[in-house]
Amino acid sequence: MSLLVKICGLTTPDTLGAALDAGADMVGFVFFPPSPRHVSLTDARALGREAKGRALKVALTVDADDATFENIVETLRPDLLQLHGRESVARIRDLKQRFGLPVMKAIPVETAADLAPLAGYADVCDRILFDARAPKDATRPGGLGATFDWHLLQGLKLDRPFMVSGGLSADNVTEAVRITRAGGVDVSSGVERAPGVKDGDMIRDFIRAARAAEELSVQ
Ligand SMILES: O=C(O)c1ccccc1N[C@@H]1O[C@H](COP(=O)(O)O)[C@@H](O)[C@H]1O
């Protein structure tokens, strides 16, 4: 089966180019000011033009309001909204109606109990992203390079495509796909030299490793 590979938190033309040339299926742009990967609307417009038609453009937001979404949709023209906050099922239904875009909801995972809200989200979302739950005092709910226990997803029955993120790197992506059988993988910190500083070689290594794990995906 094919495996979707998403490189998230891209902020420069060079590293976006590295991800596109290496065959990323999705490229993610973070619209969350406390993040070291936050992009301005001006930069997002330029990066979005570069990515158009080569990979799906993903807009990552955290509990954003309607005005923020309107600006993002107008400038980036995203193919997918990644909701990484505490957005409710009702809020997601409203956003889908308002903007007509597919939605991927991030579900923070630490224990099996974190999977309880899944059914409600799966009903309304086009895709689910399982990410490591951030510590309570974290400055952001993701992009921290922390993994979770992938065995929690073993044998999961979900009638929606899902991806896995959280502390992935070229070294552990095969194991993550082998255990979870996810249909996609998403990385940010694992292809960076420092928080927010992407590295072209690490991006290429990650995509190569993910492609080699493709046959382990069952989605
Ligand atoms: O990247 C960020 O700064 C970020 C900020 C707020 C919410 C999510 C964020 N990143 C996403 O978190 C996961 C895991 O990232 P990592 O590989 O562990 O660094 C991924 O989807 C990032 O795009």
Side-chain angles (χ1 to χ4, degrees), residues 3-12 15-16 19 24-40 43-44 47 51 55-64 68-69 72 76 78-87 102-110 114 121 125-150 153 161-177 180 182-199 202-203 205-207 209-210 213:
L3 182 74
L4 287 175
V5 180
K6 173 170 170 270
I7 306 294
C8 200
L10 291 155
T11 56
T12 67
T15 54
L16 172 62
D25 300 292
M26 296 181 175
V27 287
F29 305 98
V30 176
F31 298 89
F32 184 57
S35 167
R37 298 141 191 140
H38 174 71
V39 282
S40 67
D43 287 351
L47 294 167
L56 295 180
K57 293 172 281 174
V58 181
L60 187 163
T61 58
V62 179
D63 299 318
T68 302
F69 278 112
I72 292 170
L76 178 66
D79 299 292
L80 179 67
L81 301 178
Q82 177 176 333
L83 307 180
H84 223 105
R86 293 169 183 247
E87 300 85 0
V103 163
M104 173 162 75
K105 175 76 182 92
I107 306 288
V109 184
E110 187 178 7
D114 291 323
Y121 283 116
C125 295
D126 301 270
R127 194 173 283 285
I128 297 289
L129 172 67
F130 294 102
D131 188 21
R133 180 179 284 286
K136 281 199 172 56
D137 58 352
T139 54
R140 52 185 189 271
L144 298 162
T147 55
F148 67 93
D149 180 3
W150 301 318
L153 301 186
F162 70 90
M163 301 181 72
V164 169
S165 68
L168 296 183
S169 68
D171 293 335
N172 66 9
V173 65
T174 303
E175 189 64 354
V177 179
T180 64
V185 288
D186 179 8
V187 64
S188 192
S189 307
V191 292
E192 289 180 346
R193 272 178 269 137
V197 185
K198 293 279 183 296
D199 181 288
M202 292 170 84
I203 290 173
D205 286 350
F206 181 83
I207 295 178

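When a ligand or atom number is given, it counts from 1 through the structure's own listing order. For the single chain, residues carry numbers from 1 onward in sequence order.
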(request) For Ser169, enumerate each residue passing the side chain to side chain contact (heavy atoms under 4.5 Å, CB included) test, keeping only those at least two apart in sequence or located in another chain. (result)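 In terms of side chain to side chain contact (heavy atoms under 4.5 Å, CB included), with neighbours along the sequence ignored, Ser169 is linked to Asp171, Asn172.
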Report yes or no: does [X] have a heavy atom closer than 4.0 Å to ligand 1?
{"X": "Pro141", "result": "yes"}
{"X": "Gly166", "result": "yes"}
{"X": "Gln82", "result": "yes"}

(request) Rounded to the nearest 0.5 Å, what's the gap from CG on Leu10 to CG on Asp43? Could you check? (result)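 Here the rounded value is 12.5 Å.
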(request) Nearest heavy atom to atom 7 (C) of ligand 1 wins, so pick from Ala134, Gly142, Gly190, Pro36. (result)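 Ranked by closest heavy atom to atom 7 (C) of ligand 1, first place is Gly142.
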Based purely on interatomic distance, does [X] place a nitrogen or oxygen under 3.5 Å from a nitrogen or oxygen of ligand 1?
{"X": "Gly167", "result": "yes"}
{"X": "Gly143", "result": "yes"}
{"X": "Val30", "result": "no"}

Element-labelled atoms of ligand 1 that are located less than 4.0 Å from some non-hydrogen atom of [X]:
{"X": "Leu144", "answer": "18 (O), 19 (O)"}
{"X": "Cys8", "answer": "23 (O)"}
{"X": "Ser35", "answer": "2 (C), 3 (O)"}
{"X": "Ser189", "answer": "16 (P), 17 (O), 19 (O)"}
{"X": "Leu60", "answer": "7 (C), 8 (C), 9 (C), 10 (N), 11 (C), 23 (O)"}

(request) Mind running side chain to side chain contact (heavy atoms under 4.5 Å, CB included) on Ile107 and Asp131 for me, showing each step along the way? (result) CA-CA 6 Å; Ile107 306 288; Asp131 188 21; over 6 Å; no
(message) Does only the side chain of Leu129 get under 4.0 Å from ligand 1, or the backbone, or both, or neither? Count heavy atoms.
(response)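 Side chain only; the backbone of Leu129 stays clear of ligand 1.
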(message) Any heavy-atom pair between the side chains of Arg133 and Val109 that's under 4.5 Å?
(response)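 In short, these two side chains do not touch, never coming nearer than 4.5 Å.
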(message) Asp186: which residues meet the side-chain hydrogen bond (donor to acceptor under 3.5 Å, both in side chains) condition with it, sequence neighbours left out?
(response)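 Asp186: side-chain hydrogen bond (donor to acceptor under 3.5 Å, both in side chains) contacts with Lys6.
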(message) With side chain to side chain contact (heavy atoms under 4.5 Å, CB included) as the test, pick out the partner of Phe29 among Leu76, Ile72, Val58.
(response)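 Testing Phe29 for a side chain to side chain contact (heavy atoms under 4.5 Å, CB included) against Leu76, Ile72, Val58 leaves exactly one candidate, Leu76.
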